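All values reported here derive from a predicted model rather than from experimental measurement. The chain is numbered in sequence order, starting from 1.
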Amino acid sequence: MRGWWQDLTDLVLPGECGGCGRTRTVLCPECRAALTGAVPCRVRPVPEPPGLPVVHAAARYADEVRAVLLAHKERGALALAGPLGVALAEAVRTGLRECRTTVGCAVPGRTPAVAPAGARPGCPSGPVLLVPVPSGRAAVRARGHDPARRIALAASAELRRTGTPARVLAVLRQRRVVADQSGLTSRQRLENLAGALHVPRGGAGLLAGGPVVLVDDLMTTGASLTEAARAVRAAVGGGPGVGLSRPVVRGGAIPAVSRGDSGTAVYDRSDRERSGERTTGSIEGDVYKVRTTPGMVTANDVGDPICAAVVAATLDSFEINRN
């Protein structure tokens, strides 16, 4: 029978590398290089959902990186949170540099930037605010931890260690139960998550304390980050493009949609009362209803002061030079 002493030993002297299985190491040098050796870059899912903030990823979701993320998330290899946090911190830094260039934000702890002509007012001054995308309550209970929040805490510590003030704000909450995302298409995931997150009362004031970076361990379709960005924008008073009713299809993007049938609980009553609605064709030629819920944007605005960072993203999302 496995006892508490063996559990403690696994934390101090891990049995195997989370990426390749090599014994007696949390993460071997080769797998660490796969996770943190590349320069983070911007990623875009295919199709790209409107309202998705600019996202940067540290690594491609494949091979050793995939194994490390799954070991941490599903098998409770908590010692991997440290190296995963280092990777996420690098993606956050890269995203902040782009925000500084396109919006005029000053990266905390660095020389303030001068906003280019025509740019929006810069991001708030203060520490970088890492806002993790929350896992569902059932998933947290089953896993025994919230992977994204744990990695965010490690990334925040790494940012502070290297001179960038940062803190974690776990202000996003699920307002309703959502279906299991596995097996759903990109459009179905958007429908499943639309209106599912919110910032509770009191959280909006905290979000004004510095530049906001949404963080997660993995981006696949971008639906979770899109919904998280919508909830944050709604909490802080909207943001760029809020309330637009004209869907924009760019780079294969699709609108956030609802089929409008009574069997799909996508928006709660208050969202329906405060939202506009129109009918439009999807990229597949079908007709769907697009609801402009509070905080939703229908175009991916490069001037959005909210950005996002993830440890890894799917391979096709790295092919961003699509016109």
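- In the hydrophobic clustering of this structure, Leu207 groups with Val133; members are Ile, Leu, Val, Met, Phe, Trp, Tyr whose side-chain heavy atoms approach within less than 4.5 Å, directly or through other members.
- When hydrophobic clusters are built by joining Ile, Leu, Val, Met, Phe, Trp and Tyr residues whose side-chain heavy atoms come closer than 4.5 Å, directly or via intermediates, Val171 is grouped together with Val212.
- Using a 4.5 Å heavy-atom cutoff, the side chains of His72 and Pro83 are not in contact.
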Side chain to side chain contact (heavy atoms under 4.5 Å, CB included) evaluation trace for Leu159 with Arg93: CA-CA 8 Å; Leu159 287 167; Arg93 287 193 194 94; 3.7 Å; yes

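- Checked by atom type and distance alone, the side chain of Arg150 never pairs as donor or acceptor with a backbone atom of Leu78 at under 3.5 Å.
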Worked check of side chain to side chain contact (heavy atoms under 4.5 Å, CB included) between Val86 and Arg32: CA-CA 10 Å; Val86 171; Arg32 191 179 297 271; over 6 Å; no

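- No more than 12 heavy atoms of other residues, nucleotides or ligands shown are found within 6.0 angstrom of CZ on Arg167.
- Not one N or O on the side chain of Glu227 forms a donor-acceptor pair closer than 3.5 Å with the backbone of Leu190.
- Annotation: side chain of Arg22 is not in contact with side chain of Cys31 (no heavy-atom distance under 4.5 Å).
- In this structure Arg75 satisfies the salt bridge (charged side-chain N to carboxylate O under 4.0 Å, His left out) test with no other residue, sequence neighbours excluded.
- Pro132 places none of its side-chain heavy atoms less than 4.5 Å from the side chain of Asp146.
- Of the options Arg42, Arg97, Glu98, a side chain to side chain donor-acceptor pair (under 3.5 Å) to His56 is made by Glu98 and by none of the others.
- Evaluation of the side-chain contact (heavy atoms from CB on, under 4.5 Å) rule for Ser156 yields Leu130, Arg160, Ala166, Val168 as partners, not counting sequence neighbours.
- For Arg60 (side chain) and Ala57 (main-chain N/O), no donor-acceptor pair under 3.5 Å exists by modelled atom type.
- Looking only at side-chain heavy atoms (C-beta outward), Ser186 and Pro45 stay at 4.5 Å or farther from each other.
- With rounding to the nearest 0.5 angstrom, the CD atom of Gln174 is 6.0 Å from the CG atom of Leu197.
- Residue Ala229 comes nearest to Ile306 through the heavy atom pair O-CD1, 4.4 Å, listed as atom of the first residue, atom of the second, then distance.
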Residues Val26, Leu80; criterion side chain to side chain contact (heavy atoms under 4.5 Å, CB included); working and verdict: CA-CA 7 Å; Val26 172; Leu80 291 170; 3.6 Å; yes

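- Rounding to the nearest 0.5 angstrom, the gap separating the CG atom in Leu218 from the NZ atom in Lys73 is 6.0 Å.
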Steps toward side chain to side chain contact (heavy atoms under 4.5 Å, CB included) verdict (Thr162, Glu158): CA-CA 6 Å; Thr162 53; Glu158 172 66 13; 3.6 Å; yes

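- When side chains are defined from C-beta on, Glu319 does not count as touching Val46, because their heavy atoms never get closer than 4.5 Å.
- Residues Leu172 and Val199 are in side-chain contact: their nearest non-hydrogen atoms beyond the backbone lie under 4.5 Å apart.
- Under the 4.5 Å side-chain contact rule for hydrophobic residues, Met219 and Leu184 do not share a cluster.
- Atom CG of Leu84 sits about 4.5 Å away from atom CD1 of Ile151, to the nearest 0.5 Å.
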